[in-house]
Novice: 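Mind having a look at this structure? Questions to follow.
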Amino acid sequence: MSDLATLLEVGGPVAALGGGAAYARANHPGLYWSAVGGPISTVRLLSSYASVMEACGLTVAPSRLRVLAVKATTRREVRPVPPRRGLIRPTSTGLRLRLRLAPGQEPADVTASAERLRHAWGVHAVYVSTVKPGVVELRLVGFDVLRKVRMPRKIEGGFLQVPVALREDAMPLVRDYRAVPHQLTLGATLSGKSMYLRHLVSGLAPQDVALVAIDCKRGVELAPFASRLSALATDPDEAAELLPVLVKEMEDRYDLIKARQGIAPGTPDEEITSDVWGLPESERPVPVVLFVDEVAELFLTATRKDEERRDEMVTQLIRLAQLGRAAGIYLEVCGQRFGAELGKGATMLRAQLTGRVCHRVNDEASAKMALGDIAPEAVLAACAIPAERPGLAVAGDTSGGWSRIRTPYLSLGDTADVCGQTAHLVPDLPSLKPFLPCVPVPPPPVERPGSGVQPHPLTD
């Protein structure tokens, strides 16, 4: 009986500790990683580094000098040499370390062994990136960071840069309009496409940027942000009037650039420019970001007159996509499907949209529309997005690189509050004033009968 009592006394705390660890791993993976998973993986890495590198084929034969030194000082067997390992740096989501590759190795060799390293060291994923020639960085992610998205506290940003999502390697995805001027975002209903759009709007609202919106769903997605918008079109007819104005604004900016290029001899080289960013800050026009939601609505036609209007709008969108970057005009095109079946000019417009984000779609053809022409291997990843994970998407660009991302939750009301607080930042663009949306004044609260506090009859 005494042995049983002792066992119960010892087993109780151990069971409670194990249960707490299991609960933390399921519900608070970051806390579990910092307290338990991280130290265990670090010990595994340190104790098995050389053997794991050899098993993965990441070792090379030792140099003759090393062989002679080992034989002269010891009698042990001369082992192959693994890549030189740097310091292990723990993070809130995993581990980081740098490897100096041995002569004859390349980063692709380490990338091909990433899955083996993941299993050997007991982590969720291993990602490899090149730091400089001969040096790669291993990012070990301890748990699925996309299951419950938490953006890093410190994110390096800047003008026209918006952190919108978290990548599967625990790095933030920053939408940089200077680097990727135009983007196509696809996603089925309830896939998280609107959430992605809200993050873009809330991130751009505090900046000195003109926000222009075309929302052919009668404005239900973008009209709540009217206080920060410089122009809003809620149907194809209004869009057909707004787009020519944007094209004229672009042409005026090119005239400004061309006038600046009419330089006299002896003008400093830094004053010669081919885009708005080379202009002096006092002369530089404000950037314009055009959001187009449900772009397919602009392509749908019912009559011959609609076809003419559609052709004009598509032509204007293509001109903005081809020439808008140098004029400081950027496109954010969203929709559920986008392909050649929409009509003439659709494929040409898609080819001008450098960035691609594909949320959950209803068929493989839609994923191919978004990613098939830039990263064919990303199409399967987009088709495998489950419906129970809204906000999960595959992001890529025309460089061929792609990654899984997930957008954190952001409510419509919070985004509208950000737009209301930054309404004073709406720039003065005379050409867009006819399309400036009317911001309705909220009605005063109506007191319902019985909702107020009634005085007590005995205290009156």
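Computed from a prediction, not measured in an experiment: that's the story for all the values here.
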Novice: Decide, yes or no, whether a salt bridge links Asp169 with Arg167 under the criterion of side-chain N to carboxylate O below 4.0 Å.
Specialist: yes
Novice: Verify the neighbour count for atom CZ of Arg84: are there more than 12 heavy atoms of other residues, nucleotides or ligands below 6.0 Å?
Specialist: no
Novice: Identify the residue among Arg284, Arg253, Arg325 that makes a salt bridge (Lys or Arg N to Asp or Glu O under 4.0 Å) with Asp275.
Specialist: Arg325
Novice: On a heavy-atom basis, which atom in Val162 and which in Gly203 lie closest, and how many Å separate them?
Specialist: CG1-CA, 3.7 Å
Novice: Answer yes when Asp144 and Arg389 have at least one side-chain N-carboxylate O distance shorter than 4.0 Å, and no when they do not.
Specialist: yes
Novice: Are any non-hydrogen side-chain atoms of Lys132 and Thr130 less than 4.5 angstrom apart?
Specialist: no
Novice: List the steps, then state whether side chain to side chain contact (heavy atoms under 4.5 Å, CB included) holds for Cys419 with Val201.
Specialist: CA-CA 8 Å; Cys419 293; Val201 173; 3.7 Å; yes
Novice: Evaluate the salt bridge (Lys or Arg N to Asp or Glu O under 4.0 Å) criterion for residues Glu137 and Arg89: first the C-alpha distance (whole Å), next the side-chain angles of each, then the deciding distance (0.1 Å), finally the verdict.
Specialist: CA-CA 11 Å; Glu137 183 180 62; Arg89 294 173 293 169; 2.7 Å; yes
Novice: How close do Cys216 and Glu297 get, counting heavy atoms only, and between which atoms?
Specialist: CB-CB, 3.5 Å
Novice: Check whether any side-chain N or O of Arg406 sits under 3.5 Å from a backbone N or O of Leu146 as a donor-acceptor pair, and report yes or no.
Specialist: yes
Novice: Is the side chain of Gln207 donor-acceptor paired with the backbone N or O of Leu160 at a distance under 3.5 Å, no angle test?
Specialist: yes
Novice: Is it true that Arg310 and Glu307 make a salt bridge, defined as a side-chain N closer than 4.0 Å to a carboxylate O?
Specialist: no
Novice: Are the side chains of Leu331 and Pro181 in touch, meaning some heavy atoms are under 4.5 Å apart?
Specialist: no
Novice: The test is salt bridge (Lys or Arg N to Asp or Glu O under 4.0 Å); show your working for Lys217 and Asp215 and say whether it passes.
Specialist: CA-CA 5 Å; Lys217 293 194 299 185; Asp215 183 3; 5.6 Å; no
Novice: Nearest 0.5 Å please: distance from the CG atom of Leu166 over to the CZ atom of Arg404.
Specialist: 14.0 Å
Novice: Within this structure, what is the CG-CD1 distance for the pair Leu392 and Ile405, rounded to the nearest 0.5 Å?
Specialist: 8.5 Å
Novice: Take atom CG in Leu46; do more than 12 heavy atoms of anything else shown fall under 6.0 Å from it?
Specialist: yes
Novice: How about Ile88 and Leu45: do any of their side-chain heavy atoms sit closer than 4.5 Å?
Specialist: yes
Novice: Check whether any side-chain heavy atom of Arg44 lies under 4.5 Å from a side-chain heavy atom of Tyr49, and answer yes or no.
Specialist: no
Novice: Using only heavy-atom distances, determine whether the side chains of Glu168 and Ser403 contain a donor-acceptor pair under 3.5 Å.
Specialist: no
Novice: Please determine whether salt bridge (Lys or Arg N to Asp or Glu O under 4.0 Å) holds for the pair Arg118 and Glu115, giving the CA-CA distance in whole Å, both sets of side-chain angles, and the decisive distance to 0.1 Å.
Specialist: CA-CA 5 Å; Arg118 177 178 83 88; Glu115 190 67 14; 2.8 Å; yes
Novice: If you measure only the distance, is there a donor-acceptor pair under 3.5 Å linking the side chains of Glu54 and Thr59?
Specialist: no
Novice: Do Ser366 side-chain atoms and Asn362 backbone N/O form a donor-acceptor pair below 3.5 Å?
Specialist: no
Novice: Strictly distance-based, threshold 3.5 Å: is any side-chain N or O of His359 a donor or acceptor partner for the main-chain N or O of Leu186?
Specialist: yes
Novice: Treating His199 as the side-chain partner and Pro408 as the backbone partner, does any N or O pair qualify as donor plus acceptor under 3.5 Å?
Specialist: yes
Novice: Can a donor-acceptor pair be found between the side chains of Ser129 and Arg139 at a distance below 3.5 Å?
Specialist: yes
Novice: Is a donor from one side chain sitting under 3.5 angstrom from an acceptor on the other, for Glu332 and Tyr177?
Specialist: yes
Novice: Between the side chain of Arg228 and the main-chain N/O of Ala205, is any donor-acceptor distance below 3.5 Å?
Specialist: yes
Novice: Apply side chain to side chain contact (heavy atoms under 4.5 Å, CB included) to residues Cys334 and Val295 and explain how you reach the verdict.
Specialist: CA-CA 6 Å; Cys334 305; Val295 65; over 6 Å; no
Novice: Please step through side chain to side chain contact (heavy atoms under 4.5 Å, CB included) for the pair Leu101 and Val136, ending with a clear verdict.
Specialist: CA-CA 8 Å; Leu101 301 180; Val136 298; 4.1 Å; yes
Novice: Mind listing the closest non-hydrogen atom pair of Ile329 and His182 along with its distance?
Specialist: O-CE1, 3.4 Å
Novice: Is the side chain of Asp311 donor-acceptor paired with the backbone N or O of Glu308 at a distance under 3.5 Å, no angle test?
Specialist: no
Novice: Main chain of Asp414, side chain of Ser411: is a donor-acceptor contact present, judged purely on distance under 3.5 Å?
Specialist: yes
Novice: May I have the step-by-step check of side chain to side chain contact (heavy atoms under 4.5 Å, CB included) for Trp121 and Val52, ending in yes or no?
Specialist: CA-CA 9 Å; Trp121 295 330; Val52 168; 3.9 Å; yes
Novice: Quick one: does Phe225's side chain get under 4.5 Å of Thr415's, heavy atoms only?
Specialist: yes
Novice: Between Arg350 and Met369, is there a donor-acceptor pair closer than 3.5 Å when you use the side chain of the first and the backbone of the second?
Specialist: yes
Novice: If we only count heavy atoms from C-beta on, is the Ile214 to Leu290 side-chain gap below 4.5 Å?
Specialist: yes
Novice: Going by atom types alone, do Thr234 and Arg218 pair a side-chain donor with an acceptor below 3.5 Å?
Specialist: no
Novice: Under 3.5 Å, side chain of Gln105 to main-chain N/O of Leu58, donor-acceptor pair present?
Specialist: yes
Novice: Is there a side-chain contact between Thr42 and Leu95, using heavy atoms and a 4.5 Å cut-off?
Specialist: yes
Novice: Taking the side chain as everything from C-beta on, heavy atoms only, tell me whether Val141 gets closer than 4.5 Å to Val123.
Specialist: no
